[in-house]
Amino acid sequence: IPLLITALLAIFAILFGTRKLDATEHNPGMMLAIAFESLVKLAAFLLVGIVISFGVFDGFGDIWQQASEKALINYPNPRIEALMPELLVGMAAFLCMPRQFHVMVVECADESVLSKGRWLFPLYLALFGLFVGPLALAGKVILGDSVAADTYVINLPLALDHPLLAVIALLGTLSAATGMVIVAVVTISVMVSNEWLVPVMLRTGNIREKNFSQFSQMLLNARRLAIVIILGLGYGSYLALADSDSLSHLGMLSFGAFAQLAPALVGGLYWKHGNRAGVFLGLSVGFGLWFYIMLSGMNDGQNVATLLSSNIDLLDAITPNVRDALTALFANIACYILGSIWFRAGVAERIQASAFVSPGKLKNNANKKNGPISQQD
């Protein structure tokens, strides 16, 4: 079944994400499908939350009372400061993960989309967050620590003998997972073709030997092949990590990695003195420190060879700590700033930085230089 699902995802991603070569890289059909699955998973989550909160329990107050009686609530000392590292790393990863960056930036058609998204997206998140707390407490009350907390949405209906509700919850989770995978593989396939294949073709001169039809078809085929390879690697990862019962454990590993891209991305938009040398220095130190801390924090101090020889799950042995990821992120920021100060940027870099940081200023200067001189001037 997992292999069949992988094949279906590959077919869907190829049909919706590589139909034609578009200079804007917009995929309206894929975005429509993702928007529909977003409504499906929201409806499934709200239905599960309503049934559990008001059908099994007598509302939010009853869930809170039963959780308090079992001492499951650390109130009034919830240690809010403990959430700050997770919040910062999550924000950085949210901005830099390929699928989310692609949807936020590349697929943004015009400013009208932003004006609508300013109120629609927070409303969507608020509806999703409405039942997160109640379902988490209900899962603790009913299931305890017998299952991973990130599987409560499916396991609660099963434990309460609500098979239809469990099927709806499963459809919601499948909808969320498939949408995430499809956008990710399409985005990475575009990155592979644009950032790897095209530069190689330009340097080797092969691009001059092809017309646009041949060139576009070759890029589309390369993207389709990349989609198949990426999903094949994902299937291999599934086979290797199938024994891990916590999705958040794996997510924290990827969050810590992608968060290292945030200093260069944000700095490139707001700090015109940042340059390529600073970016490379920050990324090298940030990724290196994150990788070293992650491996040095293995359970019982075991190395990778020992784990593989003893058939111990590598993912369970590596315990990601969000504070470690935050430490690596701060080291990345420091080295990015210091490297940009120490190493001088080239002329092309300075022009490009000014175009990104203050595009309006450059436009006004150009108008003043080329336009008629006013009386005030």
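Along the sequence shown, residues carry numbers from 1. All of these numbers come straight from a predicted model, not from anything done at the bench.
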Test of ring centre spacing under 6.0 Å for W271 and Y336: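 Yes, the ring centres sit under 6.0 Å apart.
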
Report yes or no: do [X] and [Y] belong to one cluster of Ile/Leu/Val/Met/Phe/Trp/Tyr joined by side chain heavy-atom distances under 4.5 Å?
X    : Y    : value
I230 : L225 : no
I188 : I11  : yes
F12  : Y235 : no
V132 : L47  : yes

Can you tell me if [X] has over 12 outside heavy atoms packed within less than 6.0 Å of its [atom1]?
X    : atom1 : answer
Y124 : OH    : yes
F54  : CZ    : yes
M104 : CE    : yes
R19  : CZ    : no

For residues [X] and [Y], report the shortest heavy-atom separation together with the two atoms involved.
X    : Y    : answer
L231 : V181 : CD2-CG1, 3.5 Å
V153 : A169 : O-CB, 3.7 Å
T18  : L220 : O-CD2, 3.8 Å
A92  : A262 : CB-CB, 3.7 Å
L289 : A328 : CD2-CA, 3.8 Å
L143 : V147 : CD1-CG2, 3.7 Å

Is the shortest side-chain heavy-atom distance between [X] and [Y] below 4.5 Å?
X    : Y    : value
L95  : Q100 : no
V198 : S193 : no
L9   : I182 : yes
R350 : H273 : no
L88  : L326 : yes
F343 : R276 : no
K116 : E111 : no
I14  : V228 : yes

What distance separates [X] [atom1] from [Y] [atom2], expressed to the nearest 0.5 Å?
X    : Y    : atom1 : atom2 : result
C335 : I337 : SG    : CD1   : 10.0 Å
K140 : L135 : NZ    : CG    : 14.0 Å
I50  : L46  : CD1   : CG    : 6.0 Å
L261 : F101 : CG    : CZ    : 10.0 Å
I142 : Y152 : CD1   : OH    : 10.0 Å

Ring geometry between F287 and W290 (parallel below 30°, tilted from 30 to 60°, perpendicular above 60°):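 W290 vs F287 ring planes: perpendicular.
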
Intermediate values then yes/no, side-chain contact (heavy atoms from CB on, under 4.5 Å), T178 and L8: CA-CA 10 Å; T178 53; L8 291 176; over 6 Å; no

Remaining members of hydrophobic cluster (4.5 Å side-chain criterion), L170: I154, L158, L174

Whether N332 side chain and Q260 backbone form a donor-acceptor pair below 3.5 Å: yes

Return yes if a side-chain donor-acceptor contact under 3.5 Å exists between [X] and [Y], otherwise no.
X    : Y    : answer
N275 : E349 : no
E107 : H102 : yes
R99  : T187 : no

Those residues that, when tested against S53, pass side chain to side chain contact (heavy atoms under 4.5 Å, CB included) (two or more places apart):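 S53 satisfies side chain to side chain contact (heavy atoms under 4.5 Å, CB included) with F60, I63, F131, P134 only.
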
From CA spacing to verdict: side-chain contact (heavy atoms from CB on, under 4.5 Å), M218, M201: CA-CA 11 Å; M218 187 182 68; M201 293 179 62; 2.8 Å; yes

Pair listing, side chain to side chain donor-acceptor pair (under 3.5 Å) test, anchored in residues 155-176, at least two apart: E37-S175, T151-N155

